[in-house]
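Quick note: numbers below take in every heavy atom, side chains included, and nothing from hydrogens, waters or symmetry partners. Source: prediction; values computed, not measured. Along the sequence shown, residues carry numbers from 1.
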Amino acid sequence: MSTTTQPLRAGGATPGPTGSTSRSRGLAPRGMVWLVWRQHRTAFLLLLATAAAVTAGLAWLAQEASDAVAAVEASKTPSAEATAALDDIYRRLDLLGLSLAGLPVLVGVFIGAPLFAGDLESGTAKFVGVQSYGRRSWVATKLGLAALVASLAALSTGIAMKALLIPLVDHSVVNADFTSAGGFDTTGPVTVALAVLGLLVGAAAGLLTRRTLPAMVSTFVALLVVKTAWSEARMLFAPTVTATTGGGRFGEDDHPKIPATAMEVDTSYITGDGTLRGWGTCSTATDRPACLTREGVVGWSAEYLPFSHMTAMQWTATGALAALILLTGGVLVYAARRALR
């Protein structure tokens, strides 16, 4: 009696006598998602494992920071050991913030840039059109899976970083600047948006250059430019508060009081008609109070950003980043059509 070879099903399962697939194979991922995962799983797993380790470390440090703050605040004259321990945590916060601020660059260079460039460089991309899955499905699946991995990594580290930042800001906002790249770009929705933006920049570079190494280099340069511009634009989204004094009170002791957890953005003298003068006004005058009076100065103006406004600032900034993501996505679509036609 002749035997007939059973065809392979999606996921590599072979039907049994009744046409049912084996239980172990039946649970395996199928289709384009499985193919993309198999191709890029090393990079994806490495990113997720690193994010998990960093998240665990940040969570541990957050508990240590809370304990250190409590030890210092428990006494009016804290011990030298308690003060030194808290100072060390503030130094580690700065280092960790600067490191995590580079996550979008790492995602763009090592996940985004090789995503399509590797297939285009090796020539395997030309076979996409003859498979059962079309080019659009291939591009969308690759981007979707990579974006999911990048978002999960950014979200986990962002939550842990926020937990570390809160007790340190509450104790000394001067030593925990939540408006800097290390505090603002590594927490909340901004960290996820920047990671996705980095991925899209890298993917677009890969489609445009069609070579892995040039794509990685161009992605690195492009994201450095983006990060530099973003550092200048970040404070444009800050919902700041202004406190003023008047009545001719412009001495050092008359400076407006701002909340302990607020970051001071700018301090100026204010005139009777509301005009602001730089704090260096009349700095070279022999009689500075008399000079300030002649200039019409009547008090101080202090602009500050409360820590409680950080969430609103981040969502506003995320809206701006979303527009940039859409623009980058448009470039990517054009590059994909050009590279895969």
Side-chain angles (χ1 to χ4, degrees), residues 58-59 61-63 65-70 72-74 86-87 89-98 100-101 154-155 157-194 227 230-247 249-270 274-279 298-322:
L58 287 172
L61 186 59
Q63 183 59 53
S66 297
D67 294 341
V69 168
V72 169
E73 293 181 348
L86 186 55
D87 289 342
I89 292 176
Y90 276 111
R91 284 191 291 269
R92 281 188 278 176
L93 173 68
D94 291 338
L95 180 60
L96 288 168
L98 289 175
L100 288 176
L155 182 62
T157 57
I159 292 174
M161 188 66 178
K162 187 66 174 289
L164 170 61
L165 190 65
I166 290 174
L168 297 177
V169 169
D170 288 342
H171 178 71
S172 176
V173 68
V174 175
N175 294 322
D177 185 359
F178 59 86
T179 64
S180 66
F184 188 81
D185 295 351
T186 61
T187 59
V190 172
T191 185
V192 176
L194 285 173
K227 293 285 286 182
W230 179 247
S231 66
E232 297 296 326
R234 188 184 302 116
M235 288 303 295
L236 296 176
F237 309 103
T240 58
V241 178
T242 301
T244 61
T245 62
R249 295 179 291 115
F250 44 73
E252 292 297 329
D253 296 335
D254 299 319
H255 192 281
K257 304 301 181 184
I258 65 175
T261 59
M263 180 64 63
E264 189 169 335
V265 177
D266 185 44
T267 299
S268 306
Y269 289 115
I270 187 170
T275 302
L276 298 181
R277 297 292 185 89
W279 61 268
V298 297
W300 288 100
S301 173
E303 184 183 8
Y304 63 91
L305 177 67
F307 184 55
S308 59
H309 290 193
M310 180 183 178
T311 300
M313 177 181 174
Q314 286 190 316
W315 280 109
T316 304
T318 301
L321 288 172

Grab the two heavy atoms, one from [X] and one from [Y], that are nearest each other, plus how far apart they are.
| X | Y | answer |
| --- | --- | --- |
| T186 | G97 | CG2-O, 3.6 Å |
| I270 | W300 | CG2-O, 3.6 Å |
| D266 | S268 | OD2-OG, 3.2 Å |
| M310 | K162 | SD-CE, 4.3 Å |
| L58 | L100 | CD1-CD1, 3.8 Å |
| A262 | V173 | O-CG1, 3.4 Å |

[X] side chain near [Y] side chain, heavy-atom distance below 4.5 Å:
| X | Y | answer |
| --- | --- | --- |
| I89 | L168 | yes |
| Y269 | V298 | no |
| Q314 | H309 | no |
| V241 | P306 | yes |
| M161 | L93 | yes |
| L86 | V69 | yes |
| L96 | L61 | yes |
| M235 | V265 | yes |

Side-chain donor-acceptor contact under 3.5 Å, S180 with D177: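 Per modelled atom types, S180 and D177 side chains form no pair under 3.5 Å.
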Examine the side chains of E303 and T240 and answer whether a donor and an acceptor come within less than 3.5 Å of each other. yes
How far apart are the C-alpha atoms of T267 and S301, what are their side-chain angles, what is the distance that settles it, and do they pass the side chain to side chain contact (heavy atoms under 4.5 Å, CB included) test? CA-CA 6 Å; T267 299; S301 173; over 6 Å; no
Once rounded to the nearest 0.5 Å, what's the spacing between atom [atom1] of [X] and atom [atom2] of [Y]?
| X | Y | atom1 | atom2 | value |
| --- | --- | --- | --- | --- |
| T244 | L276 | OG1 | CG | 10.0 Å |
| I166 | H171 | CD1 | NE2 | 16.0 Å |
| T318 | F237 | OG1 | CZ | 9.5 Å |
| M263 | F307 | CE | CZ | 10.0 Å |

Would a line drawn from the ring center of F184 to the ring center of F178 be shorter than 6.0 Å?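 No, ring centres 6.0 Å or more apart.
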Hey, does the side chain of T187 reach the backbone of G183 with a donor-acceptor pair shorter than 3.5 angstrom?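 Answer holds: yes.
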Is the backbone N or O of A243 less than 3.5 Å from a side-chain atom of K257, with the two atoms forming a donor-acceptor pair by type?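 Looks like no, no N/O pair under 3.5 Å.
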Is there a side chain to side chain contact (heavy atoms under 4.5 Å, CB included) between D185 and W230 once you walk through the steps? CA-CA 10 Å; D185 295 351; W230 179 247; 3.0 Å; yes
With sequence neighbours excluded, residues passing salt bridge (Lys or Arg N to Asp or Glu O under 4.0 Å) with R91: D88
